[in-house]
Participant: 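Just passing along the structure, written as structure tokens.
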Amino acid sequence: GTVHAIVGENGAGKSTIMRIAYGFYTADSGQILVNGAPVSIRNPQDAIKLGIGMVHQHFMLVETMTVAENIILGAETGGPMNIDLEKANADILALSNELKLGVDPNAVIETLSVGQQQRVELLKALYRNAQLLILDEPTAVLTPQETDELFWAVRNLVDQGKTVIFITHKLGEVKEIADRVTVMRHGEVAGRVATREVTEADLARMMVGRAVLLSSYARPAVRGKVVAAVHNLGCIDETGRPVLRNVTFAVHAGEILGVAGVEGNGQSELVEVMAGL
């Protein structure tokens, strides 16, 4: 019935410890307790049996399959040779409607937005009766509106008695969604606090071990001549899907040009094309 955030800089160990809890990695020492009892989690199947589900930062979906086919993969109703897809569709639709996620079981994954694909991952865990959900950097790929929708779904799950572990390094989101916070630094726990009792500056200080300036000032740039320009750049990936369409911009001497966008919208491909990769 709570949201527990695990925060830390990149490399602090927050994703690693959750991958141990989900059975991707094996711990070399220590214990994991579920409902007060020590457990052995050797693989994700062990975690699922214990009611633990995980939504990964990089989704694990088969793009050419439907939502329902992805959700039941490995948990087929009626056995792998006699899949009751009609019942699965009905169960998934009921679960989606209950949480107001708006996911169509018959939709093909590659036609869905990033935010909708994340909801499929969420449904996949809940379909397996997860009571504790681990969300690994869940907002990294979302627009602000999709983040709001995810938080609404998380609160709905908590109201139903589910428990959520929220891995992130976005301190504003921690303050908005989490009840308690564990701060990690260099693979160790640097602090455990109730969210309402700390500020973002407090959390940042625990994350890095010193006071952090959360605001910055950049003096106005003195723009020189154009040193690089791109005109109507396009790129088609190995599947034949266009990932860049008519991209045009110019970079001047003495300035920093930012390229912004939700993950998966072509920023990486743009860099790779320009670098000749």
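Along the sequence shown, residues are numbered consecutively beginning with 1.
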Participant: Would you compute the distance between atom CG of Leu95 and atom CG of Leu126 and round it to the nearest 0.5 angstrom?
Facilitator: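 Rounded to the nearest 0.5 Å, the CG-CG separation comes to 5.5 Å.
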Participant: Would you sort out whether Asn10 and His169 count as a side-chain contact (heavy atoms from CB on, under 4.5 Å), showing the intermediate values?
Facilitator: CA-CA 8 Å; Asn10 289 339; His169 58 264; 4.1 Å; yes
Participant: The test is side-chain contact (heavy atoms from CB on, under 4.5 Å); show your working for Glu146 and Gln118 and say whether it passes.
Facilitator: CA-CA 10 Å; Glu146 288 171 332; Gln118 187 180 67; over 6 Å; no
Participant: Do Ile72 and Tyr127 come within less than 4.5 Å of each other through their side chains, counting heavy atoms only?
Facilitator: yes
Participant: Taking all non-hydrogen atoms of both residues, which atom of Gly266 and which atom of Leu244 are closest, and how far apart?
Facilitator: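 Closest heavy-atom pair between Gly266 and Leu244: O-CD2, 3.4 Å.
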Participant: Above 12 or not: heavy atoms from other molecules or residues under 6.0 Å from CD1 of Ile17?
Facilitator: no
Participant: Locate the shortest heavy-atom distance separating Pro44 from Gly23; write the atom from each residue and the value.
Facilitator: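 It is CD-O, 3.7 Å.
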Participant: Find the distance between CD (Gln131) and CG (Leu157) and round it off to the nearest 0.5 Å.
Facilitator: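 Nearest 0.5 Å value for the CD-CG distance: 10.0 Å.
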Participant: Output side-chain donor-acceptor pairs under 3.5 Å for residues 179-194, partner residues at least two apart or in another chain, one line each.
Facilitator:
unit_1, atom_1, unit_2, atom_2, d
Asp179, OD2, Val3, N, 2.7
Thr182, OG1, His4, NE2, 2.7
Arg185, NH1, Met206, O, 2.3

Participant: So with a 6.0 Å cut-off around CG of Asn35, is the heavy-atom count from everything else above 12?
Facilitator: no
Participant: Is it true that a side-chain atom of Lys14 and a backbone atom of Gly8 form a donor plus acceptor pair closer than 3.5 Å?
Facilitator: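 Checking the backbone N and O of Gly8 against the side chain of Lys14, a donor-acceptor pair under 3.5 Å is found.
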Participant: Where do Thr199 and Leu203 land on the side-chain contact (heavy atoms from CB on, under 4.5 Å) test, with the steps shown first?
Facilitator: CA-CA 7 Å; Thr199 64; Leu203 293 172; over 6 Å; no
Participant: Hey, are the side chains of Pro38 and Ile32 touching, using non-hydrogen atoms and a 4.5 Å cut-off?
Facilitator: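 Pro38 vs Ile32: side chains apart.
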Participant: Under 4.5 Å between side-chain heavy atoms, counting indirect links through other Ile/Leu/Val/Met/Phe/Trp/Tyr residues: same cluster for Val164 and Leu99 or not?
Facilitator: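 Same cluster: Val164 reaches Leu99 through Ile, Leu, Val, Met, Phe, Trp or Tyr contacts under 4.5 Å.
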Participant: Has Asn97 got a side-chain atom pairing as donor or acceptor with Lys100's backbone, closer than 3.5 angstrom?
Facilitator: no
Participant: May I ask whether Ile6 and Val34 are part of the same hydrophobic cluster, defined by side-chain heavy atoms of I, L, V, M, F, W, Y residues being less than 4.5 angstrom apart, directly or through others?
Facilitator: yes
Participant: For the hydrophobic clusters of this structure (ILVMFWY residues joined by side-chain heavy atoms under 4.5 Å, transitively), does one cluster hold both Leu93 and Met65?
Facilitator: no
Participant: Are any of the side-chain nitrogens in Arg241 or Glu63 under 4.0 Å away from the carboxylate oxygens of its partner?
Facilitator: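 No, Arg241 and Glu63 are not salt-bridged.
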Participant: Is there a side-chain contact between Leu150 and Trp152, using heavy atoms and a 4.5 Å cut-off?
Facilitator: no
Participant: Thinking salt bridges, do Asp159 and Arg155 make one under a 4.0 Å N-O criterion?
Facilitator: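 Judged by the 4.0 Å cut-off on N to carboxylate O distance, Asp159 and Arg155 do not form a salt bridge.
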Participant: Would you sort out whether Asn232 and Val247 count as a side-chain contact (heavy atoms from CB on, under 4.5 Å), showing the intermediate values?
Facilitator: CA-CA 5 Å; Asn232 299 322; Val247 177; over 6 Å; no
Participant: Other residues, nucleotides and ligands only: do more than 12 of their heavy atoms fall within 6.0 Å of CD1 on Ile256?
Facilitator: no
Participant: What pair of heavy atoms forms the shortest contact from Arg19 to Met54, and how long is it?
Facilitator: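 Smallest interatomic distance, heavy atoms only, reads CG-CE, 4.1 Å.
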Participant: Is the closest side-chain heavy-atom distance between Thr26 and Arg42 below 4.5 Å?
Facilitator: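 They are not in side-chain contact.
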Participant: If you measure from the Lys or Arg side-chain nitrogens to the Asp or Glu carboxylate oxygens, is any gap between Lys170 and Glu137 under 4.0 Å?
Facilitator: no
Participant: Quick check: closest heavy atoms across Ala68 and Ile92, and the distance to 0.1 Å?
Facilitator: CA-CD1, 3.6 Å
Participant: What distance do Asp136 atom CG and Thr168 atom OG1 have between them, rounded to the nearest 0.5 Å?
Facilitator: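 Interatomic distance, Asp136 CG to Thr168 OG1, rounded to 0.5 Å: 9.5 Å.
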Participant: State, to 0.1 Å, how close Ala153 and Leu122 come at their nearest heavy-atom pair, and which atoms those are.
Facilitator: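 The answer is CB-CD2, 4.4 Å.
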Participant: Can you tell if the side chain of Val55 reaches within under 4.5 Å of the side chain of Pro138, non-hydrogen atoms only?
Facilitator: no
Participant: In Å and rounded to the nearest 0.5 Å, what is the CG to CE distance from Leu135 to Met18?
Facilitator: 11.5 Å
Participant: Spell out, yes or no, whether Phe249 and Val259 are grouped together once hydrophobic residues are joined by side-chain heavy atoms under 4.5 Å, including indirect joins.
Facilitator: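 They do share one cluster, since a chain of ILVMFWY contacts under 4.5 Å joins Phe249 to Val259.
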Participant: Please tell me if the side chains of Ile177 and Val154 come closer than 4.5 Å, counting only heavy atoms from C-beta onward.
Facilitator: yes
Participant: Hey, can you pull the donor-acceptor pairs under 3.5 Å for the side chains in residues 221-231, sequence neighbours left out?
Facilitator:
unit_1, atom_1, unit_2, atom_2, d
Arg223, NE, Glu255, OE1, 3.1
Arg223, NH2, His252, NE2, 2.6

Participant: Where the side chain of Lys162 meets the backbone of Ala130, is there a donor-acceptor pair that is under 3.5 Å apart?
Facilitator: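 Yes: the side chain of Lys162 pairs with the backbone of Ala130.
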Participant: For residues 101-115, which side-chain N or O atoms pair as donor and acceptor with protein atoms under 3.5 Å away, sequence neighbours left out?
Facilitator:
unit_1, atom_1, unit_2, atom_2, d
Asp104, OD1, Asn106, N, 3.0
Asn106, OD1, Asn89, ND2, 3.4
Thr111, OG1, Val108, O, 2.6
Ser113, OG, Gln116, N, 3.2
Ser113, OG, Gln116, OE1, 3.3

Participant: Using a 4.5 Å cut-off on heavy atoms from C-beta on, say whether the side chain of Glu149 contacts that of Arg119.
Facilitator: yes
Participant: For Lys175 and Arg196, indicate whether the former's side chain and the latter's backbone hold a donor-acceptor pair under 3.5 Å.
Facilitator: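 Side chain of Lys175 to backbone of Arg196: no pair is present.
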Participant: Are a donor atom and an acceptor atom from the side chains of Glu173 and Thr139 found within less than 3.5 Å of each other?
Facilitator: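 A pair is found: one side chain offers a donor N or O, the other an acceptor, under 3.5 Å apart.
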Participant: Report the relative orientation of the aromatic rings in Phe24 and His56; use parallel for angles under 30°, tilted for 30 to 60°, perpendicular for over 60°.
Facilitator: tilted
Participant: Spell out, yes or no, whether Leu133 and Met60 are grouped together once hydrophobic residues are joined by side-chain heavy atoms under 4.5 Å, including indirect joins.
Facilitator: no
Participant: Of all heavy-atom pairs between Ile41 and Ala21, which one has the smallest distance, and what is that distance?
Facilitator: CD1-O, 3.2 Å
Participant: Is any side-chain heavy atom of Ile20 closer than 4.5 Å to a side-chain heavy atom of Tyr22?
Facilitator: no
Participant: What distance separates Leu270 CG from Met274 CE, expressed to the nearest 0.5 Å?
Facilitator: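 So the gap between those two atoms works out to 6.0 Å.
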Participant: What's the spacing between Asn265 CG and Thr143 OG1 if we round to 0.5 Å?
Facilitator: 9.5 Å
